[in-house]
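Shown next, in structure tokens, is the structure this report addresses.
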Number of protein chains: 2
Amino acid sequence: MDDGRATTTRGGENLLFLTDEQLRQGIEAMFFAYRGFTADPDRILSDMAYGRAHHRAIHFINRAPGTTVNNLLNILGVTKQSLNRVLRTLIEDGLVESRIGKSDKRERHLFLTEDGHALEGRLSDAQRARMRAAFRDAGPEAVAGFRTVLEAMMDTEMHRTYQRLKESGA
Amino acid sequence: MDDGRATTTRGGENLLFLTDEQLRQGIEAMFFAYRGFTADPDRILSDMAYGRAHHRAIHFINRAPGTTVNNLLNILGVTKQSLNRVLRTLIEDGLVESRIGKSDKRERHLFLTEDGHALEGRLSDAQRARMRAAFRDAGPEAVAGFRTVLEAMMDTEMHRTYQRLKESGA
DNA sequence: AGTTTAAGTCAGTCTTGTTGACATTCCAAC
DNA sequence: GTTGGAATGTCAACAAGACTGACTTAAACT
């Protein structure tokens, strides 16, 4: 399959960055970095009765206000039953509002309340602070590379979702 | 704090890549990419009675054969009770061997058995294949940037662990 | 001898994922 | 216009995997 040794293409460009050792380092970097990525919001949430799932729901409701449950399901990639439990507690606690659809009464459109926005802000600020520090340390070219590799690592379906969100925000 | 508008340093370099919108895209890229990152091994493991926790244990035992339980605990960042459950099933199923330490008989040194190596290989191959495709698509400079940003995103303690592993392997 | 350290265990809780069953609503074919 | 299927969302029960806390055993250190 792959012996991990250095190799060279016909064109002569060096593919040393594709050795098994380089890939393994990439895998481990992903693992450790993701821990850092979630650490700050996790700390904030652990004080409440909330977890990472609540953070994700809040993030994407903020990102796409009025989104339906089904839409959120596709973004988050979990079952509707799993999302529903999270959503229920958020609605009960007055962080999220669920409005019955006008044209299709089966649908529920989701919005953050004032309290929901407040928590979203706290979580975002914490996560952005770390991302900002990392981006600043690494510099713009590294950031561009970072994004390019991450996009190439997504499943095509997720990549489409990501692009759609990106275009809606910018 | 941060109004998200473009800004410029004294030196005159453009810091447009540090806007809140850019950071949010980075956050979402991390989220979707991590899903892709774990998708292939998860699929393999779901057929067996194993999960992501088993994969992590197997990965790092393979990476640092003979590591002690305590050492693995520090790398994985979980409690010993949590790790122990995973380790016990792996040992029962004959994928991991636990040898009593020679100099310090309290320690248990962990090794993959032949079957353990076989599973590790399957999981690694799947994960590396995706990482390789992403790296190849993105190119060497993007990969360098990817690694730089990820390293900057780690907690300092994790970063040390990551560096130690990196040096031991290369 | 007494303390600390490494590993493992038992019991209980929490978050978050799963499946299965069910209610409501919409829509299209009859 | 009624009926049957598809879509949307909810409730209930269960499993994986994380956590805390209390405890045991064995070995090492002082």
Side-chain angles (χ1 to χ4, degrees), chain A residues 31 34-35 38-39 41-61 66-93 96-111 123, chain B residues 31 34-35 38-39 41-59 61 66-93 96-111:
Chain A
F31 172 70
Y34 199 79
R35 282 246 296 276
T38 56
D42 281 358
R43 253 190 297 278
I44 295 173
L45 290 160
S46 70
D47 296 339
M48 325 182 198
Y50 297 145
R52 215 173 279 178
H54 299 83
H55 180 195
R56 292 198 279 258
I58 288 173
H59 175 98
F60 287 108
I61 293 172
T67 185
T68 62
V69 174
N70 221 2
N71 201 259
L72 202 51
L73 240 39
N74 291 328
I75 293 172
L76 296 175
V78 296
T79 59
K80 59 182 176 172
Q81 295 89 332
S82 190
L83 175 59
N84 199 252
R85 180 167 2 87
V86 167
L87 236 34
R88 190 165 45 207
T89 66
L90 290 174
I91 292 168
E92 277 169 9
D93 296 351
V96 168
E97 197 192 343
S98 164
R99 294 182 209 154
I100 295 177
K102 275 174 193 134
S103 56
D104 189 335
K105 287 178 192 161
R106 292 173 302 182
E107 294 179 340
R108 299 297 130 90
H109 297 278
L110 303 169
F111 301 87
L123 297 170
Chain B
F31 171 69
Y34 198 78
R35 282 246 296 277
T38 56
D42 280 357
R43 254 190 297 277
I44 296 173
L45 289 160
S46 69
D47 295 340
M48 324 182 199
Y50 297 144
R52 214 174 279 178
H54 300 83
H55 180 195
R56 292 198 280 258
I58 288 174
H59 175 98
I61 292 172
T67 185
T68 62
V69 173
N70 228 353
N71 202 258
L72 200 52
L73 240 39
N74 291 329
I75 292 172
L76 295 176
V78 296
T79 59
K80 62 176 177 176
Q81 293 92 328
S82 197
L83 176 58
N84 203 252
R85 176 166 15 87
V86 167
L87 233 37
R88 193 165 42 208
T89 67
L90 290 174
I91 291 169
E92 277 169 10
D93 295 351
V96 168
E97 197 192 342
S98 165
R99 294 184 207 153
I100 294 175
K102 277 177 189 130
S103 56
D104 189 333
K105 289 177 191 163
R106 292 172 304 179
E107 293 178 340
R108 299 296 133 89
H109 298 279
L110 303 169
F111 300 88

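Excluded from the calculations below are hydrogen atoms, water molecules and symmetry mates; all remaining heavy atoms, backbone and side chain alike, are included. Residue numbering restarts at 1 for every chain, and letters A, B, ... go by the order of the sequence lines. Every value quoted in this text rests on a predicted model; they were computed, and no experiment measured them.
We find that CZ of B:Arg56 is positioned 16 Å from P of D:dA16, with the value rounded to whole Å. A:Leu83 places its CG atom 14 Å from the P atom of D:dT8, with the value rounded to the nearest Å. D:dA18 atom C1' lies 14 Å from atom CG of B:Asn84, rounded to whole Å. Across the protein-nucleic acid pair, B:Leu87 atom CG and D:dG17 atom P stand 13 Å apart, rounded to whole Å. The distance from atom CZ of A:Arg43 to atom P of D:dC19 is 14 Å, rounded to the nearest whole Å. For the pair A:Arg99 CZ and D:dG9 C1', the computed distance is 18 Å after rounding to whole Å.
Aromatic ring pairs are classed by plane angle as parallel below 30°, tilted from 30° to 60° and perpendicular above 60°; the pair A:Tyr34 and B:Tyr34 is parallel.
A:Arg35 contributes a side-chain N or O that, together with a main-chain N or O of B:Leu76, makes up a donor-acceptor pair within less than 3.5 Å.
As judged by a 4.0 angstrom heavy-atom cut-off over every strand, B:Gly77 is placed among residues touching the sugar-phosphate backbone only.
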| request: Spell out protein contact along nucleotides 23-30 of chain D as letters: B when the base is contacted, S when just the sugar-phosphate is, - when no protein heavy atom is under 4.0 Å; keep the 5' to 3' order. | output: ---BBS--

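The salt bridge (charged side-chain N to carboxylate O under 4.0 Å, His left out) test applied to A:Asp93 returns no partner, not counting sequence neighbours.
When DNA chain C is scanned 5' to 3' for any atom under 4.0 Å from a heavy atom of chain A, the first and last hits are C:dT15 to C:dC26.
Using a 4.5 Å cut-off on side-chain heavy atoms (C-beta onward), B:Arg108 and B:Ile100 make contact. Looking at B:Leu110 and B:Leu87, their side chains come closer than 4.5 Å, going by heavy atoms from C-beta outward. Annotation: side chain of A:Met48 is in contact with side chain of A:Ile44 (closest heavy-atom distance under 4.5 Å).
Heavy atoms only, all atoms of each residue included: B:Leu83 and B:Val69 are closest at CD2-O, 4.0 Å. When all heavy atoms of A:His109 and A:Gly66 are compared, the closest pair comes out as ND1-O, 2.8 Å.
Listed by residue number, the members of residues 46-54 of chain A with any heavy atom below 4.0 angstrom from DNA chain C are A:Ala49, A:Gly51, A:Arg52, A:Ala53, A:His54. Taken residue by residue, residues 66-75 of chain B places heavy atoms nearer than 4.0 Å to DNA chain C at B:Thr68, B:Val69, B:Asn70.
To the nearest 0.5 angstrom, A:Asn70 atom CG is 6.0 Å from A:Asn74 atom CG.
The base of D:dA16 has none of its N or O atoms less than 3.5 Å from a complementary donor or acceptor on the side chain of B:Arg85.
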| said: The test is side-chain contact (heavy atoms from CB on, under 4.5 Å); show your working for A:Thr38 and A:Leu45 and say whether it passes. | reply: CA-CA 11 Å; A:Thr38 56; A:Leu45 290 160; over 6 Å; no

| query | What do the steps show when you test B:His59 against A:Phe31 for side-chain contact (heavy atoms from CB on, under 4.5 Å), and what is the final call? | reply | CA-CA 11 Å; B:His59 175 98; A:Phe31 172 70; over 6 Å; no

| task | List the steps, then state whether side-chain contact (heavy atoms from CB on, under 4.5 Å) holds for A:Leu90 with A:Tyr50. | result | CA-CA 9 Å; A:Leu90 290 174; A:Tyr50 297 145; 4.0 Å; yes

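Counting only residues at least two apart or in different chains, side chain to side chain donor-acceptor pair (under 3.5 Å) contacts with residues 75-89 of chain A comprise A:His54-A:Thr89.
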